[in-house]
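Keep in mind that the numbers below use all heavy atoms, side chains included, and drop hydrogens, waters and symmetry copies. Computed from a predicted structure; not experimentally measured.
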Amino acid sequence: MIVVGGGPAGIVTALARAGIDVVLLESGHQKFDLDAQQLSDAADWNHRRHAEMSMAVRRQVGGTSVIWGGRCVPYDPIDFERRDAVPDASWPIAYDELVPYFQRSCDWLLCGRSVWDVAGLPHLPQSIVPGLPNSEVRSSTFERWSLPTNFGREYRRALEATPGLRLVTGLTCTQVVIASVDRRVDHLATRGLDGREVAVRGRRYVLAAGGLESTRLLLASADADGVPIGNHSDHLGRWYMGHAEGVVANVRFNTPPEQTIFDYERDIDGIYVRRRFSFSEEAQRRLGLPNIVAWLANPSLSNPAHSSGALSFAYLALASPLGPLFAPEAQRKSLTGGSVPGSPYGPSKPGPVRAHARNLMHDSRATARFIAEFGTGRFIARRRVPGFFLYSPTNTYPLQYHGEHRPSWHSRVTLARNRDALGVPRLRIDIRFGAADIDGVVRAHRHVDEYLRLHGRGALEYFSPDVADAVETHIGGGFHQIGTTRISRRPEDGVLDPDLAVHTFDDLFVVSSSAFPSSGQANSTFMVVVFALRLADRLRRELAR
Ligand SMILES: Cc1cc2nc3c(=O)[nH]c(=O)nc-3n(C[C@H](O)[C@H](O)[C@H](O)COP(=O)(O)OP(=O)(O)OC[C@H]3O[C@@H](n4cnc5c(N)ncnc54)[C@H](O)[C@@H]3O)c2cc1C
């Protein structure tokens with residue numbers, strides 16, 4: 001079996017397929033290499049709506065997990081239902097079929113037990129502030145945090161030592177070549193930046209090159225009729241989704257401030273978890289809402305009006321020339337007020353350095369404590385504290401949302417004329433967010449506000465009266481690459497069958513978030529690993545016969 005791509009999807013597929021010989025083909029190397037990285041650059045993209053590829057993917061062993069945040073969240077049962085709020089999202093498999101893989105996915109991601117609600121963890125408070133019931137709006141659900149796990153580093157020994165597994169680096173798959181007589185793969189054409197050209201053959205081929213790169217590879221590979229492989233019904237490259245993300249309001253609670261759960265909590269195994277507001281499935285159906293969640297966040301770091309020495313210190317450290325040492329570029333830029341599509345606050349003019357310095361001086365004790373505690377938790381502990389959150393004595397927190405992006409036929413990637421250094425056409429990215437995406441975010445806020453008021457626990461305070469405009473300003477994607485090789489029962493409706501095989505092929509598979517017909521509220525990687533495990537099981541059964 002040949003697996004293309006050494007990110008989480010490829011590494012899990014390759015390591016979980018015990019008993020079958022596998023070649024894991026990775027375009028990058030163990031360490032970052034700029035020439036390899038630039039193979040992923042797009043030719044053209046809508047800059048306001050999509051991150052540039054250098055920030056959105058990594059070409060090296062470990063893939064984008066080298067720079068990811070580590071947030072682990074499964075999809076919800078409602079994502080698999082037909083919903084009026086999200087037409088054009090149809091899953092050909094049932095949620096219950098995937099649940100048995102959740103604990104295994106947690107194990108690979110090192111994020112603890114497959115428990116996602118405090119109802120399963122009685123040692124934690126049941127809601128985010130005292131007395132707020134978990135009914136239509138819930139604050140009992142949480143996400144889990146991985147180490148964050150760099151798959152290349154974590155599984156390096158296993159990749160080197162597992163019998164029957166061969167990791168080949170520095171070799172890029174440039175085309176899937178089809179046998180002329182039947183719908184089978186003949187070989188993968190691969191090339192190295194050093195001039196090597198190798199035809200790679202196996203019994204099964206798994207593309208695990210990331211959401212956009214797997215799609216690009218199919219678009220660049222014609223079948224016997226000259227049609228890009230998988231584009232039998234014009235779905236390949238379409239339905240491109242990310243998430244709707246941002247901050248347009250503060251939430252002000254009127255409960256005792258010291259009882260608000262504003263920070264990470266730890267579960268019984270010491271794993272970091274974080275509360276979110278979410279809507280019950282019944283409320284989503286009744287209100288016609290997309291799936292959306294929200295967390296309590298920090299005020300914008302770059303604006304010294306927050307008066308916090310800790311936040312000013314974090315801002316100055318990230319904005320300094322040493323900043324890239326502390327956070328991946330996307331996160332660093334977004335936290336320092338740079339222009340990153342989908343970032344919580346959008347671009348902002350940073351406050352003067354002297355105002356930040358004043359915060360450091362006035363708040364020096366708290367700043368010193370922050371540096372010692374966060375520095376230890378972040379840079380010395382094996383399970384790194386994923387971030388930091390500031391207590392608000394006024395019980396007021398920015399509310400950061402992460403919501404479903406509705407699939408749209410017109411949101412798509414295509415090939416440009418422009419080619420990379422190995423001759424593969426680069427991508428042209430045209431991601432689209434529509435009025436319904438914006439409206440979903442606005443209405444979700446309205447319902448959270450009403451819910452807090454109804455139960456006398458607080459209210460939202462919007463940053464601007466035109467909420468829709470504020471949502472529209474920030475909305476963008478690129479970090480979760482969903483939908484462009486969607487699964488479907490019938491070839492007419494998608495690119496892959498429910499088992500991830502390209503429709504009408506039985507030896508070519510894609511394992512990636514690009515297979516998902518909807519984006520849900522969840523960051524993609526947890527479910528990518530679920531699907532990789534499911535595929536590895538299937539291939540093991542099939543090939544071991
Ligand atoms: C800044 C940032 C933060 C993120 N935070 C989170 C988070 O908190 N939670 C979450 O769930 N997700 C997060 N993500 C997304 C997460 O990183 C991806 O979902 C995950 O890495 C996808 O895994 P993958 O294996 O499918 O693809 P990738 O990790 O992108 O791996 C693909 C691999 O394929 C290789 N490759 C590409 N093309 C070829 C080719 N033609 N031939 C051979 N090899 C090839 C690449 O070099 C790479 O190693 C984040 C992403 C970014 C950029």
- Item | Rounded distance (nearest 0.5 Å) linking atom CG of Leu508 with atom CG of Leu218 | 6.5 Å
- With sequence neighbours left out, write down each residue that passes salt bridge (charged side-chain N to carboxylate O under 4.0 Å, His left out) with Asp33, or none if nothing qualifies. none
- Grab the two heavy atoms, one from Leu219 and one from Leu427, that are nearest each other, plus how far apart they are. CD1-CD2, 4.2 Å
- Output yes when a side-chain donor or acceptor of Asp420 lies under 3.5 Å from a complementary backbone atom of Gly423, and no otherwise. yes
- Message: Would you say Ser278 and Thr141 are linked by a side-chain donor-acceptor pair, where the criterion is simply a distance under 3.5 Å?
- Response: yes
- Kindly say whether Ala199 contributes a backbone atom to a donor-acceptor pair with the side chain of His187 at under 3.5 angstrom? no
- Message: If we count only N and O atoms by modelled type, under 3.5 Å, do the side chains of Asp117 and Ser140 hold a donor and an acceptor together?
- Response: yes
- Are a donor atom and an acceptor atom from the side chains of Trp295 and Glu143 found within less than 3.5 Å of each other? yes
- Taking only residues two or more places apart in sequence or in another chain, which ones pass salt bridge (charged side-chain N to carboxylate O under 4.0 Å, His left out) with Asp234? Arg238
- Query: Can you name the salt bridge (charged side-chain N to carboxylate O under 4.0 Å, His left out) partners of Arg486, sequence neighbours left out?
  - Reply: none
- Do we see a donor-acceptor contact under 3.5 Å between the side chains of Tyr272 and Arg266? yes
- Check whether the side chains of Thr172 and Arg191 place a donor and an acceptor atom closer than 3.5 Å, and report yes or no. no
- Reported CD1-to-CD distance for the pair Ile78 and Glu404, which is rounded to 0.5 angstrom: 9.0 Å
- Note on the structure: When every non-hydrogen atom of Arg332 is compared with those of Leu318, the smallest separation belongs to NH1-O, 2.9 Å
- Rounded distance (nearest 0.5 Å) linking atom CG of Leu193 with atom CG of Leu39: 5.0 Å
- Decide whether a cation-pi geometry holds between Arg274 and Phe389; the criteria are a distance under 6.0 Å from NZ or CZ to the six-membered ring centre and an angle within 45° of the ring axis. yes
- Residue from Phe526, Tyr101, Phe516 passing ring pair (Phe, Tyr, Trp, His ring centres under 6.0 Å) with Phe531: Phe516
- Side-chain donor or acceptor of Glu52 paired with backbone N/O of Ser54 under 3.5 Å: no
- Do Ser518 and Trp91 meet the criterion of a side-chain donor-acceptor pair at a distance under 3.5 Å? yes
- Task: List for me each residue that meets salt bridge (charged side-chain N to carboxylate O under 4.0 Å, His left out) alongside Arg489, sequence neighbours excluded, and say none if there are none.
- Result: none
- Query: Side chains of Phe509 and Arg538: does their closest heavy-atom pair fall under 4.5 Å?
  - Reply: yes
- Task: Kindly check if the number of other-residue, nucleotide or ligand heavy atoms within 6.0 Å of CZ (Arg201) is above 12?
- Result: yes
- Message: Taking the cut-offs as 6.0 angstrom to the six-membered ring centre and 45 degrees off its axis, would you call Arg184 and Phe505 a cation-pi pair?
- Response: no
- Message: Looking at every heavy atom in both Tyr155 and Ile11, which two are closest together, and how far apart are they?
- Response: CB-CG2, 4.0 Å
- Name all residues meeting the side chain to side chain contact (heavy atoms under 4.5 Å, CB included) criterion together with Arg113; count only those two or more places apart in sequence or in a different chain, and write none if there are none. Gln103, Val115, Arg144, Ile268, Asp269
- Message: What I want to check is whether the side chains of Arg58 and Thr64 have a donor and an acceptor closer together than 3.5 Å.
- Response: no
- Message: Can you list everything that forms a side chain to side chain contact (heavy atoms under 4.5 Å, CB included) with Val168? Sequence neighbours excluded, please.
- Response: Val23, Leu25, Arg166, Leu171
- Message: Rounded to the nearest 0.5 Å, what separates atom CD in Gln331 from atom NZ in Lys333?
- Response: 14.0 Å
- Query: How many angstroms lie between atom CZ of Arg276 and atom CZ of Arg71, to the nearest 0.5 angstrom?
  - Reply: 8.0 Å
- Message: Taking the side chain as everything from C-beta on, heavy atoms only, tell me whether Pro491 gets closer than 4.5 Å to Ser233.
- Response: no
- Query: Side chains of Tyr401 and His243: donor-acceptor distance under 3.5 Å anywhere?
  - Reply: no
- Item | Ion pair Arg104/Asp107, N-O distance below 4.0 Å | no
- Could you tell me the separation between the CG atom of Leu159 and the CG atom of Leu165, rounded to the nearest 0.5 Å? 6.0 Å
